[in-house]
Amino acid sequence: MASLNLGYWVQSYSMSNQVSSISKSFPLLRSLPFNPLTTQSSSTLKKVNFTSLPSITSVLTKEDIVKEEEQDPQKSSFDFNSYMLQKASAVNQALESAVSLRDPVKIHEAMRYSLLAGGKRVRPVLCLAACALVGGRESMAMPTVCAVEMIHTMSLIHDDLPCMDNDDLRRGKPTNHKVFGEDIAVLAGDALLAFAFEHIAVSTVGVPPSRIVRAVGELAKAIGGEGLVAGQVVDIISEGLTDVGLDHLEFIHVHKTAALLEAAVVLGAIVGGGCDEEVEKLRKFARCIGLLFQVVDDILDVTKSSKELGKTAGKDLVADKVTYPKLMAIQKSKEFAEKLKTDAIELLQGFDPAKAAPLIALANYIAYRQN
């Protein structure tokens with residue numbers, strides 16, 4: 001658990017007032033009629049020319065967080081650090097049990113190497129928190145939680161391949177293909193993807209079959225040609241383009257990054273027994289924090305070192321990829337991130353505050369994470 005970095009987490013659940021002046025600049029996520037697979041037209045939103053990056057060290061400095069905490073003297077009794085450590089430990093145990101070392105040894109070694117390499121386990125914890133929010137038990141969601149993390153790990157293994165992002169470092173360790181070779185790395189990702197669906201279907205208990213089928217369909221759609229894969233494809237074909245707008249960039253990240261985060265939350269609500277209204281409200285919440293995750297990721301890529309991130313820093317600039325800092329500059333990117341966080345928290349109004357506390361805390365953590 002040493003890799004879990006929660007040092008800059010903000011224990012403040014109140015609405016932030018500092019973004020009120022920019023609310024009109026960043027409306028809630030659009031319905032995405034734009035399709036960059038068929039057109040390369042620029043955004044209807046005005047682009048901000050990217051000239052130079054200000055010298056800053058993080059998305060939000062430690063001093064900023066201290067000031068925000070001082071403005072909210074009434075601390076919540078919810079202990080986010082303990083919650084994350086406890087849930088991440090439960091997820092790690094479940095993953096360890098689900099993917100044991102068996103024949104063929106080589107492929108299972110490769111699967112376990114990346115699956116058990118640590119990480120913040122944000123997606124699994126989001127799934128568990130959403131399940132609890134609608135009244136479900138942790139045991140009902142754990143197979144789905146494992147499946148989400150297996151698919152997330154698959155996407156990282158494949159993203160790191162020479163034919164994709166060609167990365168040597170992931171979670172502070174050599175990438176899978178650097179250890180096992182490209183052929184085994186590809187197959188390890190494939191095996192994790194296939195086993196994810198098997199695990200949901202075979203291991204889920206206490207959940208009606210209709211909800212299990214719905215969960216499987218939801219997850220498949222989130223990672224296929226209308227989800228994660230779509231975002232990855234548009235990201236690849238957008239490298240080096242000069243006339244790319246914010247709607248184009250939003251399409252990439254709503255699909256490439258936000259889709260799996262959204263699925264994690266929605267799946268938790270489905271298997272936990274949430275009604276359709278609750279599921280859809282949580283879907284909107286997840287869409288906000290999913291895009292928030294990527295906006296913060298883009299900022300960290302140009303403000304942190306490889307050692308701090310646990311992966312190669314500055315690779316987006318080298319690859320001439322479209323990013324939020326490139327289109328909006330750092331400050332506007334930070335303001336957009338703050339607006340997304342506020343919108344996400346507002347969507348949790350109406351739920352039991354005590355049960356919503358973990359999701360509110362996770363939204364804050366995603367906004368203020370340092371790696």
Side-chain angles (χ1 to χ4, degrees), residues 1-11 58-60 62 65 78-96 112-131 138 141-142 144-157 159-160 167 169-173 175 192 253 256-265 267-268 286 288-301 303-313 337 340-341 344 357-371:
M1 299 308 299
S3 63
L4 191 63
N5 182 1
L6 304 174
Y8 293 126
W9 133 252
V10 181
Q11 285 185 320
S58 63
V59 178
L60 192 68
K62 186 175 182 180
I65 294 172
F78 178 69
D79 187 340
F80 179 62
N81 284 12
S82 296
Y83 177 86
M84 283 296 290
L85 290 170
Q86 188 269 321
K87 296 302 180 185
S89 177
V91 170
N92 288 335
Q93 290 178 23
L95 290 171
E96 170 79 32
R112 287 167 58 86
Y113 175 80
S114 294
L115 186 64
L116 305 177
K120 295 173 280 290
R121 304 303 190 202
V122 171
R123 292 159 189 81
V125 178
L126 281 168
C127 188
L128 291 174
C131 178
E138 183 174 294
M142 192 58 78
T144 300
V145 162
C146 290
V148 167
E149 194 64 1
M150 289 173 196
I151 291 174
H152 175 54
T153 300
M154 173 277 296
S155 72
L156 299 181
I157 294 173
D159 278 354
D160 291 336
D167 240 326
L169 195 65
R170 173 69 66 177
R171 291 171 174 169
K173 299 171 62 176
T175 46
L192 285 168
H253 294 317
K256 179 181 176 182
T257 302
L260 192 54
L261 271 163
E262 179 181 323
V265 175
L267 291 172
C288 285
I289 63 169
L291 187 55
L292 170 63
F293 193 96
Q294 186 60 52
V295 175
V296 172
D297 220 44
D298 284 357
I299 297 171
L300 292 175
D301 186 66
T303 61
K304 291 290 185 178
S305 67
S306 297
K307 182 178 180 180
E308 290 171 311
L309 294 177
K311 59 182 180 180
T312 306
L340 286 167
K341 186 206 75 171
L359 288 174
I360 294 172
L362 279 158
N364 275 308
Y365 170 65
I366 289 171
Y368 302 128
R369 66 194 177 91
Q370 300 298 300
N371 61 12

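All values derive from a computational prediction rather than experimental measurement. All heavy atoms count here, side chains included; hydrogens, waters and symmetry mates do not.
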| task | Please tell me if the side chains of Asp297 and Asp301 come closer than 4.5 Å, counting only heavy atoms from C-beta onward. | result | no

Of all the heavy-atom pairs spanning [X] and [Y], show the shortest one and how long it is.
X: Ala367; Y: Val296; value: O-CG2, 3.7 Å
X: Leu291; Y: Ala258; value: N-CB, 3.7 Å
X: Cys127; Y: Thr144; value: SG-CG2, 4.2 Å
X: Leu115; Y: Met150; value: CD1-CA, 3.9 Å
X: Leu292; Y: Ala337; value: CD1-O, 3.2 Å
X: Ser114; Y: Arg171; value: O-NH1, 3.3 Å

| request: Decide side-chain contact (heavy atoms from CB on, under 4.5 Å) for Glu138 and Val145; before the verdict, give the C-alpha distance in whole Å, the side-chain angles of both, and the deciding distance to 0.1 Å. | output: CA-CA 10 Å; Glu138 183 174 294; Val145 162; over 6 Å; no

What's the spacing between [X] [atom1] and [Y] [atom2] if we round to 0.5 Å?
X: Asp160; Y: Ser155; atom1: CG; atom2: OG; value: 9.0 Å
X: His152; Y: Asp159; atom1: NE2; atom2: CG; value: 9.5 Å
X: Ile366; Y: Gln294; atom1: CD1; atom2: CD; value: 12.0 Å
X: Met84; Y: Ser89; atom1: CE; atom2: OG; value: 12.0 Å
X: Leu261; Y: Leu362; atom1: CG; atom2: CG; value: 10.0 Å
X: Tyr365; Y: Lys120; atom1: OH; atom2: NZ; value: 4.5 Å

| Just checking, any donor-acceptor pair under 3.5 angstrom between side chains of Asn92 and Glu96? | no

| Distance only, no hydrogens: is a donor on one side chain within 3.5 Å (strictly under) of an acceptor on the other, for Tyr368 and Lys341? | yes

| request: Please test Asp298 against His253 for side-chain contact (heavy atoms from CB on, under 4.5 Å), starting from the C-alpha separation and ending with a verdict. | output: CA-CA 11 Å; Asp298 284 357; His253 294 317; 3.7 Å; yes

| According to the interplanar angle, ranging from 0 to 90°, do the rings of Tyr83 and Phe80 count as parallel (below 30°), tilted (30 to 60°) or perpendicular (above 60°)? |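 Parallel, since the angle between the ring planes stays under 30°.
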
| message | The criterion is side chain to side chain donor-acceptor pair (under 3.5 Å); which residues satisfy it with Gln86, sequence neighbours excluded? | response | none

| message | Could you walk me through whether Lys87 and Leu126 satisfy the side-chain contact (heavy atoms from CB on, under 4.5 Å) test, starting with their C-alpha distance in whole Å, then the side-chain angles of each, then the deciding distance to 0.1 Å, before giving a yes or no? | response | CA-CA 10 Å; Lys87 296 302 180 185; Leu126 281 168; over 6 Å; no

| task | Verify side-chain contact (heavy atoms from CB on, under 4.5 Å) between Met142 and Leu128, making sure each step is shown before the conclusion. | result | CA-CA 7 Å; Met142 192 58 78; Leu128 291 174; 4.3 Å; yes

